[in-house]
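Below: one structure, written as structure tokens.
Since the model is a prediction, treat every value here as computed from it, not as a measurement. Proteins get letters first, then strands, A, B, ... in listed order; numbering begins at 1 in each.
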Amino acid sequence: MNNAAATSLTNLAQSLRQTDIRAVANRYAAQLQLCCPHSPTSFPLARTIHAHMIASGFKPHGHILNRLMDVYCKSSHLVYARHLFDEIPRPDVVSRTTLIAAYSSAGDPRLAREIFDRTPLSIRDSVCYNAMITGYSHNNDGHAAIELFREMRWNGFQPDNFTFTSVLGALALVADHERHCQQLHSQVVKSGTGDKTSVLNALTSVYVKCASSPSASSSLLMGAAKKLFEETPVKDELSWTTIITGYVRNDDLDAAHQVFIGMSEKLVVAWNAMISGYVQKGCVSEAFGMFRKMHGLGIRHDEFTYTSVLSACADTALFPHGKQVHAYILRTEEKPTLDFTLSVNNALISLYWKCGKVDEARKIFEKMPIKDIVSRNAILSAYVGSGRVTEARSFFSEMPERNLLTWTVMISGCAHYGLAEEGLKLFSQMRSHGLEPCDYAFAGAITSCSVLGSLENGRQLHAQLVRLGFDSSLSAGNALITMYARCGVADAAHCLFFTMPFVDSVSWNAMIAALGQHGHGVQALELFEQMLKEDILPDRITFLTILSACSHAGLVEEGRRYFDSMLGLYGIKPGEDHYARLIDLFCRAGKFSEAKEVIHKMPYKPGAPIWEALLAGCRIHGNMDLGIEAAERLFELMPQHDGTYVLLANMYSSVGRWNDRARVRKLMRDRGVKKEPGCSWIEVENMVHVFLVDDIVHPEVNAIYSYLKELVSKMRKLGYVPDTKFVLHDMESEQKESALSTHSEKLAVAFGLLKLPIGATVRVFKNLRICGDCHNAFKFMSKVVAREIIVRDGKRFHHFKDGQCSCGNYW
DNA sequence: CTAGGGTTAG
């Protein structure tokens, strides 16, 4: 055989093999086409095909490789895709783009950017830029998205409709989006994509978002949005819903409805947009009207319709309505998809628990064929929201996955139920899991600081909040007002309140409460009047706060007048809690006949809070008979409550009725009632130091006792006489009834004076009410050491300065 | 291979 013949044979064999390979490749390609990207069977199918390739020695490349990678990515098996990618020497731009998109949607734009950066400029195209821009925008990095868009244009790539929709989406994430918006609008026009429905929708959407930013001139920008919508030649579902929700967000339900009416075809999404709009704005009957109209026109409700309507029922406690919808769903939806079942059941869980049916909510949860993080968070919220802390804790600890909301619910729950240490621990645990807290989580942690009186910790959280850009957050701001006030820095609370960019009724309530607790009753009332002037409607909390403020400052007539205005001017029916505070107001001022009259006239059967207020007032004024009556009622209503026994025993001892006092003590012992031990604490150098009565546990007790002794002798020279009556006054000194007994608040104050920088204000916290002798002693002490001493007790604040207390002995 | 809206957990 000559050489020519040999060459020809080799060629033939090669070409045969090539056609062979091409045929194989086509077969693989056809098989891979059968993998539906998001179906659950796609991954095992792809694995089988891939395994077959490996066995037959076929090396995937080109579009087959890319298709295989894409299937792996879409079924969240990125590792397999990456493995394939790493095996090819020079991956093409399509496989790179596939990975960029996959990393982005997996929440890792940094890995995506790594691939992007390693892609040579020569093989880049618009698509890979688009994928990366979207990646940033989906991961909330608007600036990076815009920056990359600039780079793309700088490098000479032509933006297309995908580019514009992505970058327009990213605009909403940055602060000055209004300026960018107009620039991009003109670029769209120049690019020739200005007639594309998708781009026009995205532009409309950005104008809508601009309009709803607080500083914007909404009507002008909504006008621009409307114009864009009207000039969209081919409108799709999105065009309609974008403009409808745009109006809803900008509080123009009528305009939204006008657009809706002008719709030629009745799209379910548009109905849903209207319904959810009505729900969000609290127009429940309108929402229901549309829901029924859909049914009448034969338009099928979907999961979005149901969830909107159910959440409306949940938030307005329309349980019967919600239950009817539940029944209707069970009747009409015969073959619901898993997605449908999941979201509808999630909405049902929140309906049931918000209407007080926690156990039924749990039953729904148990029966769900699939559950997700939303279902679990809803159950957790149910337990937390209804005060079932133990169940919440165990449910939380067994959750298979947790997200930002999970932690936030637990943290704010702990704060709300006074489990402050646990709340702060969870907050730091959450961060050590790499989760960035949102403003609600911060608010929870800050509330824990208020409970503990941990000012330093609270200040640090405030600083972090500002650094993270949450400084305009309402929830965090309101929590901070309370924190500063409850840590004794009323000025800081005031300053914050007046510098907050937006405030709501909660902020006003918090600030009024701050003034009231610190004994500034008149200022509290002035602030309330200012609130009314600014057209903020008071709520039931406002009045609770106002009544307390009046009570602390002895403003009896004012308090009575505001109480009367509740129903008369604002249509708020006073609850039993309001009556209790009114009675407290009268009793503290010694006006017992008024108090009794209120009790007789009020529309409630007097419960524990009423008798407690009465008893406390009787103790202050030594009204024995009425006090005993109140105590008797309380023994019936809550025999295990320690406070009643303590107050009654103290009343007896103050008039020397020792036998009666002993009888109360015995009663307490016989019923196994334990007195909550009094304890005081103080924060020094970011550490909380706790003291009990006659403390011998704190490492520095010896120094404290000798310092106290020194102080007392100086105080005596100014006229201080230790009041031995108060040794018996508080049952802290149960075991050791000698005049030497030292209350926890004295220890904490002395410790503060010793440890804090010279001249620094001493802030001490006590769980129970401050003892009378301590109250007297601190007046002298503030003079002797020439420092301000602030004590927060269970009820209010006492500022001791120059021998005086801010409470004016009225507490 | 890449985009844009309507819902449920505080």
Nearest of [options] to any side-chain atom of [X]?
{"X": "A:Ser166", "options": "B:dT8, B:dA3, B:dG4", "result": "B:dA3"}
{"X": "A:Thr307", "options": "B:dG6, B:dA3, B:dT8", "result": "B:dT8"}
{"X": "A:Lys74", "options": "B:dC1, B:dG4, B:dT7", "result": "B:dC1"}
{"X": "A:Asn161", "options": "B:dG5, B:dA3, B:dG10", "result": "B:dA3"}
{"X": "A:Val127", "options": "B:dC1, B:dG10, B:dG6", "result": "B:dC1"}
{"X": "A:Tyr440", "options": "B:dG10, B:dA9, B:dC1", "result": "B:dG10"}

- Message: Can you tell whether the side chains of A:Lys74 and A:Asp70 come within less than 4.0 Å, N to carboxylate O?
- Response: yes
- Task: For the residue pair A:Ile364 and A:Trp353, establish whether any side-chain heavy-atom pair is separated by less than 4.5 Å.
- Result: no
Could you state the [atom1]-[atom2] distance from [X] to [N], rounded to the nearest angstrom?
{"X": "A:Phe260", "N": "B:dG5", "atom1": "CZ", "atom2": "P", "result": "20 Å"}
{"X": "A:Asn201", "N": "B:dA3", "atom1": "CG", "atom2": "P", "result": "15 Å"}
{"X": "A:Leu351", "N": "B:dT7", "atom1": "CG", "atom2": "C1'", "result": "15 Å"}
{"X": "A:Asp125", "N": "B:dA3", "atom1": "CG", "atom2": "C1'", "result": "15 Å"}
{"X": "A:Asp70", "N": "B:dT2", "atom1": "CG", "atom2": "P", "result": "6 Å"}
{"X": "A:Lys235", "N": "B:dG5", "atom1": "NZ", "atom2": "P", "result": "19 Å"}
{"X": "A:Leu267", "N": "B:dG5", "atom1": "CG", "atom2": "P", "result": "17 Å"}
{"X": "A:Asn403", "N": "B:dA9", "atom1": "CG", "atom2": "C1'", "result": "8 Å"}

- Measure from NZ or CZ of A:Arg402 to the centre of the six-membered ring of A:Phe396, then state whether that distance is under 6.0 Å and the direction lies within 45° of the axis. yes
- Message: Tell me whether A:Lys266 forms a cation-pi arrangement with A:Phe260, defined as NZ or CZ under 6.0 Å from the six-membered ring centre and within 45 degrees of its axis.
- Response: yes
Answer yes or no: does a side-chain N or O of [X] lie under 4.0 Å from OP1 or OP2 of [N]?
{"X": "A:His301", "N": "B:dG6", "answer": "no"}
{"X": "A:Ser198", "N": "B:dA3", "answer": "no"}
{"X": "A:Ser311", "N": "B:dT8", "answer": "yes"}
{"X": "A:Gln280", "N": "B:dG6", "answer": "no"}
{"X": "A:Arg249", "N": "B:dG6", "answer": "yes"}
{"X": "A:Lys354", "N": "B:dA9", "answer": "yes"}
{"X": "A:Thr134", "N": "B:dT2", "answer": "no"}

- Query: Parallel, tilted or perpendicular: which fits the ring planes of A:Tyr328 and A:His295, with parallel below 30° and perpendicular above 60°?
  - Reply: perpendicular
Hey, does [X] reach any base, or is it just sugar-phosphate, or nothing, if we go heavy atoms under 4.0 Å?
{"X": "A:His138", "result": "sugar-phosphate"}
{"X": "A:Trp353", "result": "sugar-phosphate"}
{"X": "A:Ser343", "result": "base"}
{"X": "A:Asp339", "result": "nothing"}
{"X": "A:Cys438", "result": "base"}

- Note on the structure: Residues passing the salt bridge (charged side-chain N to carboxylate O under 4.0 Å, His left out) test with A:Arg362, sequence neighbours excluded, are A:Glu366
- Query: Could a donor-acceptor pair under 3.5 angstrom be found where the side chain of A:Asn272 meets the base of B:dG5?
  - Reply: no
- What about A:Thr98, does its side chain sit under 3.5 Å from the base of B:dC1 through a donor-acceptor pair? no
- A:Phe304 aromatic ring stacked with six-membered ring of B:dT7, 5.5 Å and 30°: no
- Report the residues that fulfil ring pair (Phe, Tyr, Trp, His ring centres under 6.0 Å) with A:Tyr440, sequence neighbours left out, ordered by chain and then residue number. none
